[in-house]
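As a basis for the values below, the full set of heavy atoms in this structure was taken, side chains included, without hydrogen atoms, waters or symmetry mates. Chain A is the first sequence line, chain B the second, and so forth, proteins listed ahead of strands; every chain is numbered from 1.
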Protein chains: 2
Amino acid sequence: MRHDTDISVAIIEDDATIREGYAYLIGNTSGYKIAGTYANCEDALKKIAHDDPDVLLLDVELPGMSGIEALPKLKKAVPETHILILTVYEEEMLIFRALGNGAEGYLTKNTPPDKIITAIHEVMDGGGPMSANIARMVISSFKRNDSSPLTRRETEILEQIATGKSRKRIADELFIDLETVKSHIKNIYHKLDVHSKADAIKAARENKFI
Amino acid sequence: MRHDTDISVAIIEDDATIREGYAYLIGNTSGYKIAGTYANCEDALKKIAHDDPDVLLLDVELPGMSGIEALPKLKKAVPETHILILTVYEEEMLIFRALGNGAEGYLTKNTPPDKIITAIHEVMDGGGPMSANIARMVISSFKRNDSSPLTRRETEILEQIATGKSRKRIADELFIDLETVKSHIKNIYHKLDVHSKADAIKAARENKFI
DNA sequence: TAGAAAATACCTCAATAAAGGGGATAATTT
DNA sequence: AAATTATCCCCTTTATTGAGGTATTTTCTA
């Protein structure tokens, strides 16, 4: 039985078998209906405003425009639609680019059917469904390196430098002398074996010291 | 029945009722056992190395040392233990500080018992269990503002500035003239209504333009 | 409680970067 | 065709940076 309150779902996926599989799964789940299915982003961008789905399942590797490239355009076409990435790719770069471009969830393709349905519901409900390993990667991206060579004060000062503040301003805000800040920076550079602000920030970020 | 392969769980929670409730739940679930329960972090830090749990459920609001302060010390005491935050607090600041300090999951206290058990298993398995709203906050933290006033090039240059690079270096790396970079910066400052690097970075970060 | 580590402050120096102002003209996009 | 974006050029003045030192006080921690 179909209701007006059914959650409408659209799919962008180039593999016809997979696409129809998902459509079959969702179309036959009570409370859900299919608003449209598209084999590529170009096609989707033409039709999606009319179909206006509640949730869009988006593949990232597609012929033509990639799912990630299409994200901002899709967001513009259907701002209310919740976009859920559904892909085999698990590279950090892709995940963070997808989330940065407006994806509200990220599932890998080994996700069992019932979890996909749950995720659709969750994203509608203000959640951020992620596969377990994706969630761990996302959490890891926050984690500081607990064996940093920098002292607490040095870390604090390098963080301030990374916000673009001048040494003078940092000194003022930390209520210490400019010369003290300069000493700390000197020590930071020695420890990180760098000779410039940019290199220090780069080294510290790569190693999660800041 | 208890096995050597049971997942051992410890709990730091000041409310005795809640603490014993969790202990009862976990102790009576097949495949799980309680390694220890503590009412505060000071107490936990004394005993946890001996109890050596696989997973630690950690409250953030505690008398004495807070859970977040204790995180690095706990990590040091039991580096192999997976730490799962279990709290009523949902402030962004707390969440990001907890994850930055080594928490591998974040659950709110309305999480039903079966989900807590699942989360314990998940964190052991390399996942990053989070309550739905926490996951959304975490995902949102990655999302760029799609109505930035900055052009693509301006955004790119401001990102480079935020890495601490000099204008000259940015010009070299983008294969454009120093004067071009200066023009872009001029326009960025105008658009963001700021008069310095630090303020531009701050404004852009706050508004998720970069 | 002694020694180590961290944080603090001071000095000099040359080189570079930043910020603000004024322009102009290609190259894209819409 | 108009608007936006990207590019390049000139000027000035002040502020910042990075590198070389030394030295004191405070705070851990073994």
Revision key, fill the gap. Per the under-4.0 Å heavy-atom filter, residues of residues 183-191 of chain A near DNA chain C come out as A:Ser183, A:His184
Practice item. Give a yes or no on whether the backbone of B:Ser147 and the side-chain of B:Asn145 come within a donor-acceptor separation of less than 3.5 Å. Key: yes
**Study point:** Verdict with supporting geometry, A:His82 and A:Glu104, side chain to side chain donor-acceptor pair (under 3.5 Å)
**Key:** CA-CA 6 Å; A:His82 300 282; A:Glu104 288 162 295; 3.3 Å; yes
**Study point:** Atom-to-atom span, CG of A:Leu178 to P of C:dA7 - whole angstrom
**Key:** 18 Å
Review point. Between A:Asp177 (side chain) and A:Glu179 (backbone), is there a donor-acceptor pair under 3.5 Å?
Key: yes
Study note, to complete from the structure: Shortest non-hydrogen pair, B:Phe209 vs B:Thr155, comes out as O-CG2, 3.5 Å
Point to revise | A:Thr87 and its side-chain contact (heavy atoms from CB on, under 4.5 Å) partner, picked from A:Asp59, A:Leu94, A:Leu62, A:Leu58 | key: A:Asp59
Point to revise | Between C:dA19 (P) and B:His195 (NE2): distance, integer Å | key: 11 Å
Practice item. Give me the residues of residues 144-175 of chain B where at least one heavy atom lies under 4.0 Å from an atom of DNA chain D, by number, or none. Key: B:Thr151, B:Arg153
**Study point:** OP1 or OP2 of D:dT17 under 4.0 Å from side-chain N/O of A:Lys197
**Key:** yes
**Study point:** Spacing of A:Leu192 atom CG relative to D:dG18 atom C1', expressed in whole Å
**Key:** 15 Å
Exercise for review: Examine the side chains of B:Tyr38 and B:Asp51 and answer whether a donor and an acceptor come within less than 3.5 Å of each other.
Suggested key: yes
Exercise for review: Return the orientation label for the A:His121 and A:Tyr32 ring planes: parallel under 30°, perpendicular over 60°, tilted otherwise.
Suggested key: perpendicular
Exercise for review: For the helix from C:dT1-D:dA30 to C:dT30-D:dA1, figure out the bend between the end axes, five pairs an end, and round to 10 degrees.
Suggested key: 90°
Revision key, fill the gap. Whole-Å distance, A:Ile176 CD1 to D:dT25 C1', equals 15 Å
Check your understanding: Closer than 4.0 Å, any side-chain N/O of A:Thr180 to the OP1 or OP2 of C:dA9?
Key -> yes
Revision key, fill the gap. Rounded to whole Å, CG of B:Asp177 lies from P of D:dC8 at a distance of 5 Å
Exercise for review: Determine yes or no for a side-chain-to-main-chain donor-acceptor pair under 3.5 angstrom, with A:Ser131 supplying the side chain and A:Ile134 the backbone.
Suggested key: no
Practice item. Quickly work out the A:Asp199 CG to D:dG18 P distance and round it to whole Å. Key: 9 Å
Review point. With distance as the sole test, does B:Arg144 use its side chain to make a donor-acceptor pair with the main-chain N or O of B:Lys208 at under 3.5 Å?
Key: no
Exercise for review: Say whether, by atom type as modelled, one donor and one acceptor occur between the side chain of A:Asn40 and the main chain of A:Pro63 under 3.5 angstrom.
Suggested key: no
**Study point:** Residue B:Lys191 excluded, over 12 heavy atoms near NZ under 6.0 Å
**Key:** yes
Check your understanding: C:dA18 phosphate, OP1 or OP2: any side-chain N/O from B:Lys182 under 4.0 angstrom?
Key -> no
